[in-house]
Number of protein chains: 2
Amino acid sequence: MVSDFSFRDTPALEALARRGARLDYLDPAALAAAQDILRVSKKMLAAFAEAFATHGLSPGRYAVLMALDVQRPSMAPSEIADRLGVTRATVTGLIDGLMRDNLVVHVPEGSDRRRKAISLTPVGEALIDAVVPDIFKRMADLTSPLSADERRTTLRLLGKIEAGLSTAGVKEKEPNA
Amino acid sequence: MVSDFSFRDTPALEALARRGARLDYLDPAALAAAQDILRVSKKMLAAFAEAFATHGLSPGRYAVLMALDVQRPSMAPSEIADRLGVTRATVTGLIDGLMRDNLVVHVPEGSDRRRKAISLTPVGEALIDAVVPDIFKRMADLTSPLSADERRTTLRLLGKIEAGLSTAGVKEKEPNA
DNA sequence: GCCATAAAGTAAGGCGCCTAATTACATGGC
DNA sequence: GCCATGTAATTAGGCGCCTTACTTTATGGC
């Protein structure tokens with residue numbers, strides 16, 4: 001199973017050995033597994049970032065476009081921020097770039113003039129229509145080496161891991177307000 | 001299993017439905033699984049980045065320190081770059097920061113004066129000694145909700161996924177020269 | 001002695017994200 | 001009618017990760 005470097009390719013097991021006596025309460029197998037998981041995680045994310053790049057997008061830009069695609073015809077920046085789980089400032093930056101590329105426009109909202117609705121331009125819609133089949137195929141391919149059964153197992157296990165993350169020191173950030 | 005947003009919280013299944021006829025060759029279960037995997041991956045990485053931050057480190061800084069810890073007494077920047085799988089420019093930046101914080105020093109190498117060896121300072125060693133137990137424990141905890149058996153299963157499945165990444169368009173970058 | 005090669009570092013840039021401060025607008029209460 | 005308070009969006013600035021392209025410095029073969 002790929003010799004054991006951390007998710008950044010740093011050898012935890014050797015470091016463990018070096019400190020053996022002191023850290024012998026740690027399960028080496030658990031440690032090694034975690035490293036592998038983190039390493040592969042990083043690789044997957046990088047792979048998708050690259051896929052987006054071939055379409056002139058980035059994960060963030062894609063996420064905004066997809067949110068708009070689903071929540072037609074428009075969303076307020078703050079809604080987008082909530083859905084993506086990032087700050088408004090981050091969304092402002094993404095929107096700026098998307099507007100520069102004509103993928104998205106600002107449509108003024110009737111009553112409350114603080115609120116500005118964002119919607120896809122025809123160009124943006126066309127891009128999403130072109131990107132989705134590629135990205136979705138890559139996603140499906142990601143888990144295609146797994147049987148339906150294995151997939152279920154993996155999800156169950158990831159669920160446990162995720163639950164562990166939340167209960168540990170890791171702060172939760174609520175997506176979907 | 002957590003309602004289905006992409007690794008950036010964008011609803012792929014709804015997008016699938018919207019394009020049903022056109023994309024019906026895609027397995028919705030595979031797609032949903034991939035999204036979950038990507039989402040949890042991102043969360044895990046973020047959780048560790050935070051853990052490093054509590055020690056004044058970042059994933060990159062930690063990786064350099066760990067590499068030096070294992071490969072005592074010193075490494076050339078280029079070796080570090082190869083081990084981490086990043087460019088030398090990236091390593092230069094990381095080293096700069098670590099030197100500023102006195103965690104690492106430049107020790108001139110005898111014969112070849114182009115080559116500059118980097119090694120941990122006592123402060124750096126002390127920091128790593130303090131950080132490792134915390135990080136390793138978090139790693140072990142990550143997979144502790146899993147039984148030994150489940151862990152093996154997960155690794156096997158991740159192995160398949162990783163193999164898929166390499167064979168797909170995803171360019172490989174060789175760590176360990 | 002000269003020059004290709006190699007190591008390290010510099011410069012600039014893109015993406016992901018954040019906090020803090022600011023600007024614009026909306027409102028409820030007096 | 002007017003203002004304090006609150007809310008939406010944006011700006012400014014910052015840190016981290018990482019890249020490509022270029023420069024500097026030193027080596028070593030010929």
Side-chain angles (χ1 to χ4, degrees), chain A residues 7-9 41-43 45-53 55-64 74-82 84-101 104 106-118 171 173 175 177, chain B residues 7-9 41-43 45-53 55-64 74-82 84-101 104 106-118 171 173 175 177:
Chain A
F7 64 97
R8 199 53 188 291
D9 288 347
S41 292
K42 213 192 159 203
K43 259 179 130 165
L45 262 5
F48 278 89
E50 247 185 73
F52 290 131
H55 298 283
L57 291 180
S58 67
R61 285 159 68 95
Y62 167 81
V64 171
S74 76
M75 291 175 87
S78 51
E79 289 177 298
I80 298 175
D82 289 346
L84 305 199
V86 298
T87 61
R88 287 162 198 207
T90 298
V91 169
T92 297
L94 290 169
I95 298 287
D96 278 356
L98 294 170
M99 278 187 13
R100 230 183 294 112
D101 293 355
V104 124
H106 247 157
V107 302
E109 179 111 28
S111 50
D112 190 335
R113 264 182 309 168
R114 285 172 305 183
R115 181 163 261 134
K116 293 172 187 172
I118 308 296
K171 68 161 180 262
K173 183 176 300 173
Chain B
F7 65 98
R8 200 55 187 292
D9 288 347
S41 292
K42 212 191 160 204
K43 259 179 129 165
L45 262 6
F48 278 89
E50 247 186 71
F52 290 130
H55 298 283
L57 291 180
S58 68
R61 285 160 67 95
Y62 167 81
V64 171
S74 75
M75 292 175 87
S78 51
E79 290 177 297
I80 299 175
D82 288 347
L84 304 200
V86 298
T87 61
R88 288 164 196 202
T90 299
V91 169
T92 297
L94 290 169
I95 297 288
D96 278 356
L98 293 169
M99 278 187 13
R100 231 183 293 112
D101 292 357
V104 124
H106 248 157
V107 303
E109 178 112 24
S111 50
D112 191 335
R113 263 182 309 170
R114 284 171 305 184
R115 179 164 263 133
K116 292 173 187 172
I118 307 295
K171 67 162 180 260
K173 183 176 298 173

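None of these values were measured; they are calculated from a predicted model. Below, chains carry the letters A, B, ... as their sequence lines are ordered, and counting in each starts from 1.
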Whole angstrom is fine here: how far is it from [atom1] in [X] over to [atom2] in [N]?
X	N	atom1	atom2	result
A:Leu57	C:dG14	CG	C1'	14 Å
B:Ile95	D:dC17	CD1	C1'	15 Å
B:Met99	C:dA8	CE	P	13 Å
B:Ile80	C:dA8	CD1	P	9 Å
A:Glu50	C:dG14	CD	P	18 Å

Do [X] and [Y] have side chains that get closer than 4.5 Å, going by heavy atoms?
X	Y	answer
B:Ile80	B:Leu84	yes
B:Arg61	B:Asp101	yes
B:Ile118	B:Val107	no

Practice item. Drop me the distance from A:Phe48's CZ to B:Ser41's OG, to the nearest 0.5 angstrom. Key: 10.0 Å
**Study point:** Value rounded to 0.5 Å, distance of CG in B:Asp82 from OG1 in B:Thr87
**Key:** 11.0 Å
Exercise for review: Look at the side-chain N and O atoms of B:Thr87 and state whether any lies under 4.0 Å from the OP1 or OP2 oxygen of D:dT19.
Suggested key: yes
Check your understanding: A:Thr90 side chain N/O closer than 4.0 Å to the phosphate oxygens (OP1, OP2) of C:dC18?
Key -> yes
Please list, for nucleotides 7-9 of chain D, all pairs of protein and nucleotide N/O atoms separated by less than 3.5 Å.
{"from": "D:dT7", "atom 1": "O2", "to": "A:Arg114", "atom 2": "NH1", "distance (Å)": "3.0"}
{"from": "D:dA8", "atom 1": "OP2", "to": "A:Arg88", "atom 2": "NH1", "distance (Å)": "3.2"}
{"from": "D:dA8", "atom 1": "OP2", "to": "A:Arg88", "atom 2": "NH2", "distance (Å)": "3.4"}
{"from": "D:dA9", "atom 1": "OP1", "to": "A:Lys116", "atom 2": "N", "distance (Å)": "3.4"}
{"from": "D:dA9", "atom 1": "OP2", "to": "A:Ser78", "atom 2": "N", "distance (Å)": "2.9"}
{"from": "D:dA9", "atom 1": "OP2", "to": "A:Ser78", "atom 2": "OG", "distance (Å)": "2.7"}

Practice item. Taking all non-hydrogen atoms of both residues into account, name the closest pair between B:Val91 and B:Pro77 and its distance. Key: CG1-O, 3.8 Å
Check your understanding: Is the backbone N or O of B:Ala76 less than 3.5 Å from a side-chain atom of B:Glu79, with the two atoms forming a donor-acceptor pair by type?
Key -> yes
**Study point:** Non-neighbouring partners of B:Thr92 that pass side-chain contact (heavy atoms from CB on, under 4.5 Å), sequence neighbours left out
**Key:** B:Asp96
Could you list, one pair per line, each protein nitrogen or oxygen that sits under 3.5 Å from a nitrogen or oxygen of nucleotides 12-16 of chain D, together with the distance?
none

